[in-house]
Amino acid sequence: MNLITNLKQSTAGCIHQLYGVQLQPEQVLVNATKPEFEGDYTIVLFAFVKQLGKSPEVLGNELGAAMLAKMPGILTDFNIVKGFLNFSISNQFWFDSIKNAKVENLLPTNTHPRKIMVEYSSPNTNKPLHLGHLRNNFLGWSIAEILKLQGNEVVKTCIVNDRGIHICKSMIAWQLFANGATPTDTQQKGDHFVGDYYVKYNDAYKAQVAELVASGMTQELAEKEAPIQKGAQEMLLKWEQGDAATIDLWKRMNSWVYEGFDTTYKKIGSDFVKTYYESNTYLLGKELVEQGLQKNVFYQKEDTSVWIDLTGDGLDEKIVRRKDGTSVYITQDIGLAEVKQKEFNTDASIYVVGDEQNYHFKVLKLICQKLQLPAADGIYHLSYGMVELPTGKMKSREGTVVDADDLVEEMINISKEKTESLGKVSEFTSDQLNELYNTIGLGALKFFLLRVDPKKKMIFNPEESIDFHGFTGPFIQYTHARIKSILRKTGTAVELTTCELLPLEKALAIELSNFPAVINEAAETLDPSKVAIYTFNLAKLFNSFYAELSIANSESEEKKQLRIKLAILTAATLQKGMRALGINVPEQM
RNA sequence: GGUUCGGUAGCUCAGCUGGAUAGAGCGUCAUCCUUCUAAGAUGAGGGUCAUUGGUUCGAAUCCAAUCCGAAUCACCA
């Protein structure tokens, strides 16, 4: 059991024994003691002072004495400063925690593993992936990994938005301007090729609107009447009617996009157990609308459209079926939730989707609950903020996007230059070098996007390249490589006897012991940044330790064995923490 | 206008279930490689925690109001 948990439970137990008052262990506040005070952990007494009718001084002394008796061999002493009860932990306890720790046993124990679906990535097939997609992909992959490390079974899925007016825009622009060209002809990645026609569509559209306005039409009307816009709408209609030529073109262009996406996904490490295509799912949910009508969850208006009234829940009315009988977005999602539940039978389903859809997911969960679908209560929206440029939002149409492939490549190039200038891997083969550049470049990028709270929007300045120093992926990768380098020299066979721990040795032991709790917290809050912060602090602490104390030339053999073990545990913890972020750590860099 | 989320150092962000003197990184300045990887370490400087009021032993943290910013409130997906 975790020491902090133990302290909380023991405190609650002692207070019950001493005063007959029942407390929940969670009500006990345990902090790491501030460095300027004597002790390792602090219990804040103020909370109980009033309830127990004792002065902090008296309560502290009585509780402190009882705690020492309750946790012999662990607690050695206590002192009271104002309302803070500071406990000192025995040297032996921390020494044993190092001695008994095993590399293969660093993760939390999970007595109730769950089966959880993580749906992420969700690209549109009319344009290539950009920086915002990268945040989504890294978050999705990371949260899936964190849940796995916590002991759960995870199913990663992807829903591809492969139909709709936006695809038709790329298609019609291709018909008009491409002269039958293909990505092979232009030697372009397929998703970029198709994306270029999406941009061309918008250029042509703007020109046509301007022309119509110049000839005397109002802006509003011109936007509706632009020929290319009408062409795209006709194409959508034809697609829905199953027109062979249209479907053919649609399949062809999508296949180019998928080829491009595959390359990118492979590069950045995204993978899925199952990919759903909206062209297959967009008609889902129809029977559920019928069921909902029968259950009186939904109601029909005079024009035969079907609605749900959520005003009682503080939301608005929402349409779930158009008067022409077709589904809307939310209906598809309800249907898909049902389909996924039947297919995988998961306990929970996490949707990694931008915060612009917060309202949508609130409504989705609520409707599913009202329909009493099995999937309903397990729906979680991992909502993340947009990635913005210093100049504001990214817009594909206006070309103000940071392209995912370009950025990844740039990061890899920077790591290559940096690595070459340091010249520490001269014996690497070219394959090994390329792998290292990928590891470091992607590590920097992933860490950069995962180190901040997902729900906050973040600013990315393309003028300043992503850092490789400080609170970054490469810093942690470097620390890992550094430890491995040391261990190659000292060996890893250890035999621990006993010795007094120095402050930095103890600090490392304490930090290492927190790892399982960090993974649990990250899993519960769906927040990989907790892991990023932890791995950074651990790496920083180790570097201080390294600068201060020699491992290979320790002052005694006992110390050397101890420090080698600390190094082994730190490297393994860093490796697992970074893995939780989807980042590999090199043996040498 | 309603709802939701945000505002902490020059910049990017932690801290937010109330606890001791508000923390990191970058940038700036200074110091440390004949000794285990300097992508590192050590130190200095930098703050009306948006504003005002409240709750209390104690507020960056909770509550209210105000100001600023964003998202959303589509028979688009």
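The sequence lines fix the lettering, A, B, ..., with proteins before strands; numbering per chain opens at 1. Computed from a prediction, not measured in an experiment: that's the story for all the values here. Only this structure's heavy atoms are used, side chains among them; waters, hydrogens and symmetry mates stay out.
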Counting the atoms with a prime plus P, OP1 and OP2 as sugar-phosphate, which does A:Glu36 contact under 4.0 Å by heavy atoms, base, sugar-phosphate, or nothing?
base
Which listed nucleotide (B:rA20, B:rA71, B:rC75) is nearest to the side chain of A:Arg322?
B:rC75
Taking the side chain of A:Asp316 as its heavy atoms from C-beta onward, which of B:rC26, B:rC36, B:rC73 lies nearest to it?
B:rC73
Could you state the OH-P distance from A:Tyr359 to B:rC76, rounded to the nearest angstrom?
16 Å
Regarding A:Tyr282, tell me which of base, sugar-phosphate or nothing describes its non-hydrogen contacts under 4.0 Å with the strands shown.
nothing
For A:Asn86, report the nucleic acid contact type (base, sugar-phosphate, nothing); a contact means any heavy atom under 4.0 Å.
base
Could you state the CD1-P distance from A:Ile330 to B:rU72, rounded to the nearest angstrom?
15 Å
Going by atom types only, do A:Gln357 and A:Tyr329 share a side-chain donor-acceptor pair under 3.5 Å?
yes
Provide the distance between the two C1' atoms, one in B:rG45 and one in B:rU61, to the nearest whole Å.
27 Å
Between CG of A:Asp453 and P of B:rA24 the distance, given in whole Å, is 20 Å
Sticking with atom P, work out how far B:rG2 lies from B:rA65, rounded to a whole angstrom.
11 Å
Is there a Watson-Crick or G-U wobble partner for B:rA41 with both distances under 3.5 Å, and which nucleotide is it?
B:rU31
Which sits closer to the 5' end of RNA chain B, A:Val44 or A:Leu487, going by the nucleotide each is nearest to?
A:Val44
Side chain of A:Ile486 only, please: which of B:rA24, B:rG15, B:rC36 is the nearest?
B:rC36
Taking OP1 and OP2 of B:rU37, is either one under 4.0 Å from a side-chain nitrogen or oxygen of A:Arg488?
no
With heavy atoms under 4.0 Å as the rule, sort A:Gln588 into base, sugar-phosphate or nothing.
base
Identified pairing partner of B:rA59, criterion: Watson-Crick or G-U wobble below 3.5 Å:
none
Does A:Lys540 make a cation-pi contact with A:Phe475, if we ask for NZ or CZ under 6.0 Å from the ring centre and within 45° of the axis?
no
How many Å lie between NZ on A:Lys456 and P on B:rA70, as a whole number?
17 Å
Measuring only the P atom in each nucleotide, how far is B:rG47 from B:rU8? A whole number of Å is fine.
15 Å
Verify whether one side chain among A:Thr125 and A:Asn161 offers a donor that lies under 3.5 Å from an acceptor in the other.
no
Nearest listed nucleotide, side chain of A:Thr42, among B:rU37, B:rA20, B:rC26
B:rA20
If you measure only the distance, is there a donor-acceptor pair under 3.5 Å linking the side chains of A:Asn86 and A:Asn79?
yes
So does A:Glu435 have more than 12 non-hydrogen atoms from other groups sitting under 6.0 Å from CD?
no
Looking at every strand, decide which applies to A:Asn543 at a 4.0 Å heavy-atom threshold: base, sugar-phosphate, or nothing.
sugar-phosphate
Quick check on RNA chain B: between A:Phe468 and A:Pro454, whose nearest nucleotide comes earlier from the 5' end?
A:Pro454
With a cut-off of less than 4.0 Å, is there a side-chain N or O of A:His360 near OP1 or OP2 of B:rU72?
no
Between B:rU37, B:rC75, B:rA41, which one does the side chain of A:Ala547 approach most closely?
B:rA41
Could you check which of B:rU42, B:rA39, B:rA20 has an atom nearest any side-chain atom of A:Ser544?
B:rU42
Just checking A:Ser383: base, sugar-phosphate only, or nothing, at a heavy-atom cut-off of under 4.0 Å?
nothing
Confirm from the modelled atom types if A:Asn126 and B:rA77 form a donor-acceptor pair under 3.5 Å, side chain to base only.
no
Base, sugar-phosphate or nothing for A:Lys560? Non-hydrogen atoms, less than 4.0 Å.
nothing
Integer angstrom distance from the C1' of B:rA70 to that of B:rG58
34 Å
Would you classify A:Lys484 as touching base, sugar-phosphate or nothing, given that sugar-phosphate means primed atoms plus P, OP1 and OP2, and contacts are heavy atoms under 4.0 Å?
nothing
Rounded distance (Å) that lies between atom C1' of B:rC73 and atom NZ of A:Lys318:
9 Å
Using a 4.0 Å heavy-atom cut-off, does A:Asp324 contact any base of the nucleic acid, only the sugar-phosphate backbone, or nothing at all?
nothing
Rounded distance (Å) that lies between atom P of B:rG58 and atom CZ of A:Phe84
13 Å
What does A:Tyr478 touch in the nucleic acid at a heavy-atom separation under 4.0 angstrom: a base, only the sugar-phosphate, or nothing?
base
Specify the glycosidic conformation (syn or anti) of B:rC63, with syn defined as within 90° of 0.
anti
Step through the shown structure and confirm whether more than 12 heavy atoms of other residues, nucleotides or ligands are within 6.0 Å of NZ on A:Lys301.
yes
Considering only B:rA41, B:rC13, B:rU72, which nucleotide approaches the side chain of A:Val452 most closely?
B:rC13
Taking the side chain of A:Lys393 as its heavy atoms from C-beta onward, which of B:rA71, B:rU12, B:rG40 lies nearest to it?
B:rA71
Presence of donor-acceptor pair under 3.5 Å, side chain of A:Asn161 and base of B:rC76:
no
With a cut-off of less than 4.0 Å, is there a side-chain N or O of A:Tyr546 near OP1 or OP2 of B:rA38?
yes
Base, sugar-phosphate or nothing for A:Arg451? Non-hydrogen atoms, less than 4.0 Å.
sugar-phosphate
Counting the atoms with a prime plus P, OP1 and OP2 as sugar-phosphate, which does A:Lys82 contact under 4.0 Å by heavy atoms, base, sugar-phosphate, or nothing?
nothing
May I ask which nucleotide in the shown strands pairs with B:rA20, Watson-Crick or G-U wobble, both distances under 3.5 Å?
none
Classify A:Lys489 by what it touches in the nucleic acid, base, sugar-phosphate, or nothing, heavy-atom distance under 4.0 Å.
sugar-phosphate
A:Glu356 has its side chain closest, among B:rU72, B:rC36, B:rA77, to B:rU72
With A:Asp453, the side-chain hydrogen bond (donor to acceptor under 3.5 Å, both in side chains) member among A:Arg451, A:Lys456, A:Lys455:
A:Lys455
Determine the contact category for A:Ile533: base if any of its heavy atoms lies under 4.0 Å from a base atom, sugar-phosphate if only primed atoms, P, OP1 or OP2 are that close, otherwise nothing.
sugar-phosphate
Using both distances under 3.5 Å as the test, list the Watson-Crick or G-U wobble partner of B:rU66, or none.
B:rA50
Quick one: the side chain of A:Thr33 and the base of B:rA20, do they pair up donor-acceptor inside 3.5 Å?
no
Kindly state whether the pair A:Phe536 / B:rG25 counts as stacked, where counting means centroids closer than 5.5 Å and planes tilted less than 30° apart.
no
To the nearest angstrom, the CG-C1' distance between A:Asn537 and B:rG23 comes to 10 Å
Can you figure out which of B:rA24, B:rC26, B:rC75 approaches the side chain of A:Lys540 most closely?
B:rA24
No-hydrogen, no-angle side-chain donor-acceptor test under 3.5 Å, A:Tyr534 and A:Asn514
no
So A:Val160 and A:Tyr276, side chain to side chain contact (heavy atoms under 4.5 Å, CB included) or not? Walk me through it.
CA-CA 6 Å; A:Val160 178; A:Tyr276 292 95; over 6 Å; no
Rounding to a whole Å, what distance do you find between A:Leu45:CG and B:rG18:P?
16 Å
Take atom P in B:rU3 and the same atom in B:rA20, then report the distance between them in whole Å.
34 Å
Take atom CD of A:Glu38 as the centre, draw a 6.0 Å sphere, and report whether it contains more than 12 heavy atoms from other residues, nucleotides or ligands.
no
